[in-house]
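Structure first, commentary second.
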Amino acid sequence: MVEKKSLVCIVCPLGCNVEVELSGGQIDSLTGNKCKRGRDYAISECINPVRTLTSTAKVLDGELPLVSVKSEKPLPKKLLPECIKEINKIEVQAPVHISDRLICNILGTGINIIATCNVKDKSIAKSVIS
Ligand code: SF4
């Protein structure tokens, strides 16, 4: 059975409409892309879609209770719910610095979860304010 998918390529602002025909999980035809990057994007979207994960993690003794985090590279879309559960399990001791690795090799993907902002230790933050 042939499955048809219509995608909008998001790799560049042109936003080409790409039409893909698949059968048995394999791509039979791919049209509408203007370049190889669009072809690679459409293949990834159909075979193994990936997304950069953004979320927050709990911080202990920080001036803020949470720190924003992201995956260093895009993760398989199907793993995102499990990755969010893993992030929700951790509590990071303040201070936290941008690019600190908070989870290494999440779910065996080889991809790290890193902090995307600084969170100071709350005792230091108070002494600076007073
Ligand atoms: S197919 Fe190529 S030209 Fe078209 S949106 Fe994607 S990257 Fe841009």
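Keep in mind that the numbers below use all heavy atoms, side chains included, and drop hydrogens, waters and symmetry copies. Order of appearance sets the numbers: ligands from 1, and atoms from 1 within every ligand.
Less than 4.0 angstrom separates some heavy atom of V11 from each of these atoms of ligand 1: 7 (S). Numbered from 1 in the order shown, with element, the atoms of ligand 1 that lie under 4.0 Å from a heavy atom of K34 read 1 (S), 3 (S). For ligand 1, the atoms sitting less than 4.0 Å from at least one non-hydrogen atom of G15 are 5 (S), numbered in the order shown with element in parentheses.
Ion pairing between K122 and E63 fails under the 4.0 Å rule for side-chain N and carboxylate O.
Considering C16, G32, G38 only, the shortest heavy-atom separation from atom 5 (S) of ligand 1 involves C16.
Of the inter-residue distances, the one linking S68 atom OG with I114 atom CD1 reads 10.0 Å to the nearest 0.5 angstrom.
Listed for the K58 side chain is a donor-acceptor partner under 3.5 Å among the backbone atoms of N88. Between the side chain of N118 and the backbone N or O of I98 there is at least one donor-acceptor pair closer than 3.5 Å.
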Checklist entry - Checking side-chain contact (heavy atoms from CB on, under 4.5 Å) for the pair N33/L30: CA distance, chi angles, key distance, verdict? => result CA-CA 8 Å; N33 58 304; L30 198 157; 3.3 Å; yes
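Among all protein heavy atoms, the one lying closest to atom 6 (Fe) of ligand 1 is C9 SG, 2.3 Å.
Within the coordination shell of atom 4 (Fe) of ligand 1, defined by N, O or S atoms under 2.8 Å, C12 is absent. Atom 2 (Fe) of ligand 1 has an N, O or S atom of C35 inside 2.8 Å of it.
The side chain to side chain contact (heavy atoms under 4.5 Å, CB included) test with L75 is passed by exactly one of T52, I106, L107: I106.
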